[in-house]
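First the structure, in the form of structure tokens, and then the observations on it.
In what follows, every chain begins at residue 1, and chains take the letters A, B, ... in the order their sequences are listed.
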Amino acid sequence: MRRLTPYILLIPTFVIIIFFIYFPAFSSFKLSFFQESFFGDRSIFVGLDNYIDLFTDSEYYKVLRTTFIYSFSSVGITIFLAFLISQLLVQNIPGTRIFRTLMFSSYAVSPAISATLWAMLFTPTAGLVSYLFQVIFNINVDWLTTVPYAMIALIAATVWKMLPFDLIFYIAALQNIPESILESSMLDGASGWTRMWKIKFPLVTPITFYLFIMNFTTTMFSSFGIIDIMTRGGPLGSTTTMIYRLYLDGFAFQDNGLAASESVVMFGVMSVITYLYFRFVEKGVHYQ
Amino acid sequence: MRRKNKVYFIISEILLIVITFVMFAPILLAFLMSFMKPAEVFSFPPKVIPSSFYWENYREALKLVPLGRMLLNSAIVAIFITLGKLITGVLAGYAFANFNFKGKKVAFSTLFITLFLPAETVMIVPLFLLMKSLGWVNTYLALIIPFTASATNTFLMRQHFRTIPQELSDAARIDGATSMQYLIKVLLPLSKAMIGGAAMINFVYAWNMYLWPLVITMEDKMKTAQIGVKMLIDAEAANNWGTIMAGTMIVLAPTLLVFFLIQNLFVKSLVSSGLKG
């Protein structure tokens, strides 16, 4: 009996992942080599046609570029801001508890709701952001419907949503830096600014890397809700990322073969990210 | 030196107040706007404080979209996904942490590879086709079952169980306890904090799911609250942001309240799960 126990314990997990992860993943690969017939009544084997279509279509390169710009801008800005703000939050300044609670609150806000809040702020008629830009810079922008402002609005909403996550990790990491290192640097006469970038920043590299990977995955996959509600991939496809395009091809145009091949491409991206994660984060670039 | 410190302190305090305000402003403004009459919403320059508590927006939002039912759906889906993930994770984590068995390595890597495959996105098209052939489209089953097991939860539990000394297991066995008794009577009580943290993170993840519920639910009565928000924007043709914000507040309030109440716990479990991996 005891010999069978571990297998019995693993059954629930393996039934679920085989049926709902492995089987669909396998179908994804298979589907990517097929195309629906003209009447949609059967599938025809087309070999690499879907992939060739994808990579000879200049639109798809635009999608890749959009994904790249959106992800790297959102992630870069979030990490930079989080590192700076976390410095302020570890100093035990009066009111820190309240500041933290209110600042972290967007962590509890779902992507769909974040998008709704920011759509409201950016609306030309009633939005406060639109109003402020008009008053301060005297520019009148139709944020969500013009290029490139729609992308900027998306990035703003994404940064706002991701920031608490990064703050939480940076605060934890900064509090883990041994007091002695900071004290000796102070004796050496390093200024606050130098200490921040020359000492603290290198010390939290593993966390920065972890956050980079986590944020990147978030912008690749979970940001679908933000895009769907704020811009629907528009204007002129300027905010159509890989995941949004996959959704359009799979569910609006019902081209399963093409959507499947896009899945496989995203699987490739995901593999690289996960590989990097385990290569650098799990194996640990640890300084302590 | 002391003087410089004081200046530094005051600047930090001011910066923190400004940043906190900016970060919290979207939620605060949405709350205030949810009480504005349509005329106030569109006034120029924009008004920030509503002139009265105009509850009509909330009534209107609930009339346009069945948000109550959708919140219930979200709760059902999130609770069952969380329970499922915890149960499968505890069992599998226990198997990996406390047993040596043939095929352990293969089983572990089989699970490990699924980290590369976020189910609700990368394989969404075939997963949808599978649901169609099972006849599960537009049911709770489709919203829940595919997400009731994950590598992350299994690994988290495994890591945790491995920190518990082997002597306890030996002692339990000498006392005649079966392995299930040991799991339930010894390991689980020692893992309350860990499981609580994992539960919270899983719950938030399930509650926030958007793409999968969007494609797999057809009727309003099966949709989740996240989809309800989108429907409200679509239904509110005149873009009356007062009504949209009222609906947003209805969907946001439960999670925000829970977060304010147990924020410390949230933060702690997030950090420990992330740092331990």
**Heavy-atom pair count under 4.5 Å with chain B, highest-scoring of A/Y107, A/F26, A/W160** = A/W160
**Contact origin within A/F19 toward chain B - heavy atom pairs under 4.5 Å** = backbone
**Prompt:** If you round to the nearest 0.5 Å, how far is NZ of B/K230 from CG of A/D228?
**Reply:** 3.5 Å
**Asked** Do B/F101 and A/T5 have side chains that get closer than 4.5 Å, going by heavy atoms?
**Response** no
**Complete:** Under 4.5 Å to a heavy atom of chain A? For B/L214 that would be side chain
**Request:** Quick one: which of A/S106, A/G95, A/A119, A/G250 has the most heavy-atom pairs under 4.5 Å with chain B, could you say?
**Result:** A/A119
**Asked** Does the side-chain contact (heavy atoms from CB on, under 4.5 Å) test come out yes or no for B/L211 and A/I243, once each step is laid out?
**Response** CA-CA 10 Å; B/L211 179 52; A/I243 186 69; 4.0 Å; yes
**Message:** Heavy-atom cut-off 4.5 Å, strictly under: side chain, backbone, both or neither for A/I18 against chain B?
**Reply:** neither
**Item:** Proximity breakdown for B/V267 and chain A, heavy-atom pairs closer than 4.5 Å
**Value:** both
**Complete:** Separation between CG (A/L121) and CH2 (B/W241), nearest 0.5 Å, reads 9.0 Å
**Asked** Is there a side-chain contact between A/F20 and B/F147, using heavy atoms and a 4.5 Å cut-off?
**Response** no
**Asked** Taking atom CZ of A/F23 as the centre, does the number of heavy atoms from other residues, nucleotides or ligands within less than 6.0 Å exceed 12?
**Response** no
**Prompt:** If we only count heavy atoms from C-beta on, is the A/L9 to B/F96 side-chain gap below 4.5 Å?
**Reply:** no
**Request:** Measure the shortest side-chain to side-chain distance between B/L91 and A/P12 over non-hydrogen atoms and say whether it is less than 4.5 angstrom.
**Result:** yes
**Toward chain B, the part of A/A115 with a non-hydrogen atom under 4.5 Å** = neither
**Message:** Please determine whether side-chain contact (heavy atoms from CB on, under 4.5 Å) holds for the pair B/M123 and A/Y22, giving the CA-CA distance in whole Å, both sets of side-chain angles, and the decisive distance to 0.1 Å.
**Reply:** CA-CA 9 Å; B/M123 298 111 48; A/Y22 273 99; over 6 Å; no
**Prompt:** If you tally heavy-atom pairs under 4.5 Å against chain B, which of A/W118, A/Y7, A/Y275 wins?
**Reply:** A/Y7
**Message:** Check whether A/T13 reaches the backbone of B/T88 with its side chain - one donor and one acceptor, N or O, closer than 3.5 Å.
**Reply:** yes
**Item:** chain A contact via B/F31 - which portion, at a heavy-atom distance below 4.5 Å
**Value:** neither
Using distance only, find each side-chain donor-acceptor pair of residues 97-104 of chain A under 3.5 Å and give its atom names and separation, not counting sequence neighbours.
unit_1	atom_1	unit_2	atom_2	d
A/R100	NH2	A/L89	O	3.2
A/T101	OG1	A/R97	O	2.9
A/T101	OG1	B/Q263	NE2	2.7

**Message:** I'd like to know if the side chain of B/Y210 reaches the main chain of A/S223, judged simply by a donor and an acceptor atom lying under 3.5 Å from each other, with no hydrogens or angles considered.
**Reply:** no
**Complete:** Comparing A/M214, A/M220, A/R232, A/M242 against chain B, the one with the most heavy-atom pairs below 4.5 Å turns out to be A/R232
**Asked** Is there any residue in residues 254-262 of chain A with a non-hydrogen atom under 4.5 Å from a non-hydrogen atom of chain B, and which ones are they?
**Response** A/N256, A/A259
**Side chain proximity check, A/P94 to B/F9, heavy atoms < 4.5 angstrom** = yes
**Message:** At a 4.5 Å cut-off on heavy atoms, which part of A/T217 comes close to chain B: side chain, backbone, both, or neither?
**Reply:** neither
**Asked** Got a sec: does the NZ of B/K47 have more than 12 other heavy atoms crowding it under 6.0 Å?
**Response** yes
**Heavy-atom closest contact (B/A30 atom, A/L117 atom, distance)** = CB-CD2, 3.3 Å
Using residues 11-25 of chain B as the side-chain source, report each donor-acceptor pair under 3.5 Å to any protein atom, sequence neighbours left out, with the distance given to one decimal.
unit_1	atom_1	unit_2	atom_2	d
B/S12	OG	B/Y8	O	2.9
B/T20	OG1	B/L16	O	2.6

**Prompt:** Side chain, backbone, both or neither: which part of B/T110 has an atom under 4.5 Å from a heavy atom of chain A?
**Reply:** both
**Item:** Portion of B/I227 that has a non-hydrogen atom of chain A nearer than 4.5 angstrom
**Value:** neither
Can you give the donor-acceptor pairs under 3.5 Å from side chains of residues 247-262 of chain B to other protein atoms, not counting sequence neighbours?
unit_1	atom_1	unit_2	atom_2	d
B/T248	OG1	B/I244	O	2.7
B/T255	OG1	B/L252	O	3.0

**Request:** Could you give me the CA-CA distance, side-chain angles and deciding distance for B/I124 and A/F251, then say whether side-chain contact (heavy atoms from CB on, under 4.5 Å) is met?
**Result:** CA-CA 10 Å; B/I124 191 161; A/F251 296 96; 4.0 Å; yes
**Prompt:** Does the side chain of B/I27 come within less than 4.5 Å of A/S105's, by heavy atoms?
**Reply:** yes
**Message:** Among A/I113, A/I168, A/V135, which residue has the highest count of heavy-atom pairs closer than 4.5 Å to chain B?
**Reply:** A/I113
**Message:** Looking at every non-hydrogen atom in both residues, tell me the closest pair between B/A95 and A/P6 and how far apart they are.
**Reply:** CB-O, 3.8 Å
**Asked** Once you round to the nearest 0.5 Å, how far does OG1 of B/T114 lie from CD1 of A/I16?
**Response** 12.5 Å
**Request:** Check whether B/N264 gets within reach of chain A through its side chain, its backbone, both or neither, counting any heavy atom under 4.5 Å.
**Result:** side chain
**Item:** Point-to-point distance, once rounded to the nearest 0.5 Å, from CZ of B/F108 to CG of A/L10
**Value:** 11.0 Å
**Message:** Need one label for A/Q87: side chain, backbone, both or neither, based on atoms under 4.5 Å from any heavy atom in chain B.
**Reply:** neither
**Asked** Non-hydrogen atoms of chain A under 4.5 Å away: do they reach the side chain of B/K104, the backbone, both or neither?
**Response** neither
